[in-house]
Amino acid sequence: MTAPVVVFCIGNPSRGDDALGPFICGELEKWPEIGNGQVELIEDFQLQIEHALDLSGRRLAVFVDAGSGTPAPFDFRRIFASTAVAHTSHALSPEAVLQVFHQTEGQTPPPAFVLGVRGESFELGAALSAAASAHAAAALALLAQLLARPELAAWQSLTTGATETTAAMGDAG
């Protein structure tokens with residue numbers, strides 16, 4: 001059975017605050033909600049085409065990643081599949097992963113959100129900064145609310161402002 005909620009935690013643990021995604025994943029692994037089959041965690045350095053397959057059978061998805069220009073402590077917004085998002089052969093944006101799902105599966109991807117956690121320092125070999133640790137705590141508090149109510153309306157009510165991506169599935173191709 002596929003867990004109805006998938007949480008993608010993206011980042012490089014060797015690059016300072018880019019470790020926010022993996023750090024948050026490690027904290028989430030300790031939560032009882034994770035072990036009950038309702039939530040699946042996927043941790044990786046970057047998103048790949050194959051991650052589109054991880055969306056199959058889900059009711060909700062959230063992509064957790066560090067951001068250097070993100071408002072503190074985080075930005076939480078709904079995203080949609082988009083062909084306008086640039087990608088390379090090495091990594092995809094969350095919107096591009098949704099688009100790959102749409103193209104390969106021939107169906108609308110599950111409702112998806114990005115939780116961008118503000119990072120301050122991304123140097124190779126650096127530890128997580130004190131500011132990023134505080135931002136991670138705030139992001140984990142939000143994730144506790146999300147996972148307690150895994151419903152689209154509940155998640156939408158927690159978005160942080162008007163930064164929501166407006167591309168509709170019909171426009172995505």
Side-chain angles (χ1 to χ4, degrees), residues 1-13 18-67 70 73-82 85 91-119 132 135-161 163-169 172:
M1 182 178 147
T2 302
V5 176
V6 61
V7 179
F8 294 93
C9 299
I10 309 305
N12 183 341
D18 196 38
L20 278 163
F23 173 79
I24 288 171
C25 187
E27 293 300 305
L28 290 174
E29 287 174 342
K30 301 172 188 173
W31 292 10
E33 298 93 336
I34 304 306
N36 69 6
Q38 297 302 301
V39 178
E40 182 177 355
L41 300 175
I42 297 174
E43 180 184 342
D44 213 331
F45 281 88
Q46 58 189 1
L47 293 169
Q48 303 290 336
I49 290 172
E50 294 82 4
H51 287 111
L53 299 174
D54 295 315
L55 295 169
S56 187
R58 310 297 183 167
R59 284 196 336 244
L60 290 163
V62 62
F63 296 84
V64 180
D65 198 1
T70 303
F74 58 77
D75 179 44
F76 180 66
R77 61 188 166 83
R78 181 149 184 212
I79 59 168
F80 298 89
S82 177
V85 178
L92 299 173
S93 68
E95 293 88 350
V97 171
L98 297 177
Q99 181 64 28
V100 169
F101 177 87
H102 175 67
Q103 290 175 313
T104 58
E105 300 298 312
Q107 54 187 293
T108 302
F113 295 78
V114 167
L115 175 56
V117 185
R118 178 156 183 154
H135 299 160
L140 284 162
L142 174 69
L143 284 163
Q145 292 178 24
L146 298 173
L147 298 180
R149 291 193 56 211
E151 304 156 8
L152 178 58
W155 286 29
Q156 284 182 304
S157 73
L158 295 171
T159 58
T160 52
T163 59
E164 189 169 309
T165 304
T166 57
M169 263 314 298

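Closest approach of Asp54 and Val6 over heavy atoms only: O-CG1, 4.2 Å. The two residues Thr159 and Arg78 make their nearest non-hydrogen contact at CG2-N, 4.1 Å. When every heavy atom of Pro111 is checked against every heavy atom of Leu152, the shortest pair comes out as CB-CD1, 3.6 Å. Smallest separation of non-hydrogen atoms from Arg118 and Leu20: O-CD1, 3.6 Å. Residues Val97 and Gln48 share a closest heavy-atom pair of CG2-O, 4.2 Å. When every heavy atom of Gly11 is checked against every heavy atom of Pro22, the shortest pair comes out as O-CG, 3.5 Å.
Side-chain contact between Leu60 and Pro110 is absent, with no heavy-atom pair separated by less than 4.5 Å. Between Leu53 and Val100, the closest side-chain pair of non-hydrogen atoms is not below 4.5 Å. With a 4.5 Å cut-off on side-chain heavy atoms, Leu98 and Ser82 do not count as touching. A 4.5 Å side-chain heavy-atom check between Ile79 and Phe63 finds at least one atom pair inside the cut-off. Using a 4.5 Å heavy-atom cutoff, the side chains of Asp44 and His51 are in contact.
Between the side chain of Asp18 and the backbone N or O of Asn12, at least one donor-acceptor pair lies under 3.5 Å. In terms of modelled atom types and a separation under 3.5 Å, the side chain of Arg77 and the main chain of Val114 share no donor-acceptor contact. When atom types are taken as modelled, the side chain of Thr160 and the backbone of Phe76 share a donor-acceptor pair closer than 3.5 angstrom. When atom types are taken as modelled, the side chain of Trp155 and the backbone of Arg149 share a donor-acceptor pair closer than 3.5 angstrom. Within the 3.5 Å criterion, the main-chain N or O of Ala3 finds a donor-acceptor partner in the side chain of Arg58. The backbone N or O of Val117 lies less than 3.5 Å from no partner atom in the side chain of His135, so there is not a single donor-acceptor pair.
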Apply side-chain contact (heavy atoms from CB on, under 4.5 Å) to Leu140 and Leu28, showing your working.
CA-CA 8 Å; Leu140 284 162; Leu28 290 174; 3.9 Å; yes

CA sep, side-chain torsions, deciding dist, call: Trp31, Leu143, side-chain contact (heavy atoms from CB on, under 4.5 Å):
CA-CA 11 Å; Trp31 292 10; Leu143 284 163; 4.2 Å; yes

Tell me, with the steps shown, if Phe101 and Ser56 meet side-chain contact (heavy atoms from CB on, under 4.5 Å).
CA-CA 8 Å; Phe101 177 87; Ser56 187; 4.2 Å; yes

Start with the C-alpha gap between Phe80 and Thr108, add the side-chain angles, then the distance that decides, and say whether side-chain contact (heavy atoms from CB on, under 4.5 Å) holds.
CA-CA 10 Å; Phe80 298 89; Thr108 302; over 6 Å; no

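We find the CD-OG1 distance between Glu50 and Thr104 to be 11.0 Å, quoted to the nearest 0.5 Å. Distance check, rounded to the nearest 0.5 Å: CD of Glu43 to CD1 of Ile24 gives 11.0 Å.
For the salt bridge (Lys or Arg N to Asp or Glu O under 4.0 Å) test, no residue two or more places apart in sequence or in another chain qualifies with Arg59.
Residue-environment remark: CD1 (Ile49) stays at or below the threshold of 12 foreign heavy atoms within 6.0 Å.
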